[in-house]
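Presented below is the structure to which this report refers.
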Amino acid sequence: MKTLLTNGRVILPTGQEATDILIEDGRIKAIGSGLDQELTTTDQIIDVAGNIVAPGLIDVHVHFRQPGFTAKETVKTGSLAAAHGGFTTVAAMPNLIPVPDNANQFQKMLTLNREDGVVHIKQYATITVNREDGPLVDFQALKEAGAFGFSNDGSGIQTATEMVAAMQAAHEVDLPICAHVEDAGLKGDGVMNAGATADKLGLPGIPEISETAQLARDLVLAGATGVHYHVCHVSTATSVDLIRQAKAAGVHVTAEASPHHLFLDETMITTDNPMLKMNPPLRRPEDRQALLAGLLDGTIDMIATDHAPHTVAEKTGSMLTAAFGITGLETAFAECYTHLVKPGICTLNQLINWLSVKPAEVFNLQNAGRIAVGLPADLVVLNVTQPYEIKAAEMQSKGQNSPFIGDQVLGRTIKTFVDGKIVYEQEQRA
């Protein structure tokens, strides 16, 4: 079966080009003009009507909640949300019940991801047994089982002794440590960024040093061990500076920023609003600007959503009792395009670099992140000219806990292809 995508503005490694893409047996067969001459009467021609055709987006930080928390999300609904957002490859965090902390349980997780997922799902293993302080996992066995990397996301590794041992073990198997940097003692019972806004609302704050103190420790340890150390959801200006200095010193460190930390800050929390409770919390406007500067100068390598679905009950009431986190897979590209590309802060190619090219390069995904002949046809078609409203009713995720619902944006996903198969298609309305 051959499928021809015609009249697209294709994002290629060499730049944007008005051209066609021929797909055969799930892979890109050819790129160029006049490809319709290679088709037979039984083949499929899809006119993408001048829309953007980009490499499928890659998110290295998602939570699909299954097993253990299926009221929030499942592998099926999470992967459908990914496809709706234009993501064709995601990496799922291991804070599940049971956790994938041994080869047997990890293999079960891979089987579930493969059978229920509609996109490519990479899987993290935990750093420690049961994601708790204590013994490390068997890094070699989990690599052989197919681990994408190691993370205790949701919790920081609290002792330097434990972290350096984990880094040494990860370095030996040549896989990354993906760190949620958070000193639990410094965080305390905080629910939002510590400062004047928290004081005004009478809510306990999370100081920035709960992130930066542990990050500084880890960067020193990463330099000593040589591990690939990836920093999840960076949120402070000081963190950006620390990462910038570590990169200059030759530490193998990479980092991600989330759309919510790029576009929201604590000044937007005017009431006790659980929809704006996330971990790390929304910081100051100057932190938000530092994250953007870090993206633009390469200190921060990529954008990742930290897609964190919850039930309505868990995100209702007060920030004191609500769960941390928001969804992000279905809003990420549109929010980024609207707030970064449209006003001229970055180009579309830069955005695709942060959302696709760079994640593939950093995490050594050989068959993703580019449109090229011979690669799998993991593609997304995007309409960046027609505004639309983000609506909860159109979301594929079980979780609709997003402060971006109601926003008028550009960058709607029209079609998503995984291995040449359409896994999401915008519903056509009369």
(message) Side chains of N383 and Q426: any donor to acceptor distance under 3.5 Å?
(response) no
(message) Salt bridge or not between E425 and K415? Use side-chain N to carboxylate O under 4.0 Å.
(response) yes
(message) Any heavy-atom pair between the side chains of I157 and R217 that's under 4.5 Å?
(response) yes
(request) Please test H63 against H307 for ring pair (Phe, Tyr, Trp, His ring centres under 6.0 Å), starting from the C-alpha separation and ending with a verdict. (result) CA-CA 6 Å; H63 299 269; H307 176 79; 8.4 Å; no
(request) Walk me through it: do L348 and I11 pass the test side-chain contact (heavy atoms from CB on, under 4.5 Å)? (result) CA-CA 9 Å; L348 176 58; I11 306 296; 3.8 Å; yes
(message) Taking atom NZ as the centre, does K247 end up with more than 12 heavy-atom neighbours from other residues, nucleotides or ligands that are less than 6.0 angstrom away?
(response) yes
(message) If the threshold is 4.0 Å, N to carboxylate O, is there a salt bridge linking D265 and R288?
(response) yes
(message) Between S155 and R131, do the side chains contain a donor N or O and an acceptor N or O under 3.5 Å apart?
(response) yes
(message) Can you tell me if K143 has over 12 outside heavy atoms packed within less than 6.0 Å of its NZ?
(response) yes
(request) Would you name the heavy atoms of H260 and L282 that are closest together and state the gap between them? (result) O-CD2, 3.6 Å
(request) Begin from the C-alpha positions of I303 and C336 and carry the test side-chain contact (heavy atoms from CB on, under 4.5 Å) through to its verdict. (result) CA-CA 9 Å; I303 296 171; C336 289; 3.8 Å; yes
(request) Kindly assign one of parallel, tilted or perpendicular to the pair F363 and H228, based on the angle between their ring planes and the thresholds 30° and 60°. (result) tilted
(request) Please determine, by modelled atom types, if T159 and E162 share a side-chain donor-acceptor pair under 3.5 angstrom. (result) no
(request) State plainly whether the residues R412 and E394 are in salt-bridge range, i.e. N to O under 4.0 Å. (result) yes
(message) When you compare the side chain of V231 with that of Y229, does any pair of heavy atoms fall below 4.5 Å?
(response) yes
(message) If we ignore hydrogens and angles and just use 3.5 Å, is the side chain of D59 paired with the main-chain N or O of T305 as donor and acceptor?
(response) yes
(request) May I ask you to check whether D183 and Q214 show a side-chain donor-acceptor distance below 3.5 Å? (result) no
(message) Looking at D297 and R244, is there a salt bridge between them, counting it only when a charged N and a carboxylate O are closer than 4.0 Å?
(response) yes
(message) Working to the nearest 0.5 angstrom, can you tell me the gap between N364 CG and L175 CG?
(response) 10.0 Å
(request) Could you tell me which non-hydrogen atom of M167 sits nearest to which non-hydrogen atom of T225, and how far apart they are? (result) CB-OG1, 3.6 Å
(message) Quick check on side chain to side chain donor-acceptor pair (under 3.5 Å): which of N367, T88, D378 does H120 satisfy it with?
(response) D378
(message) Less than 3.5 Å apart, any donor N or O on the side chain of D47 or N7 sitting next to an acceptor on the other?
(response) yes
(message) For a quick test of reading the model, state the closest non-hydrogen atom pair linking H61 to A304 and the distance between them.
(response) CB-CB, 3.9 Å
(message) Between Q396 and H84, do the side chains contain a donor N or O and an acceptor N or O under 3.5 Å apart?
(response) no
(message) Please give me the minimum heavy-atom distance between S402 and M395, naming the atom from each residue.
(response) CB-CE, 4.3 Å
(request) Drop me the distance from I206's CD1 to E208's CD, to the nearest 0.5 angstrom. (result) 12.5 Å
(request) For N130 and D101, work out which heavy atoms get closest and say how close. (result) N-OD2, 2.7 Å
(request) Provide the closest heavy-atom pair for T413 versus A83 in the form atom of the first, atom of the second, distance. (result) CG2-O, 4.0 Å
(request) Evaluate the ring planes of H339 and F263, with Trp represented by its six-membered ring, and classify them as parallel (under 30°), tilted (30 to 60°) or perpendicular (over 60°). (result) tilted
(message) One thing to verify: whether K2 and D36 come together as a salt bridge, which I'm taking to mean a side-chain N less than 4.0 angstrom from a carboxylate O.
(response) no
(request) Taking atom CD of Q386 as the centre, report whether more than 12 heavy atoms of other residues, nucleotides or ligands fall under 6.0 Å from it. (result) no
(request) Check whether any side-chain heavy atom of V234 lies under 4.5 Å from a side-chain heavy atom of E256, and answer yes or no. (result) no
(request) May I ask you to say whether K187 pairs ionically with E211, meaning some side-chain N is under 4.0 Å from a carboxylate O? (result) no
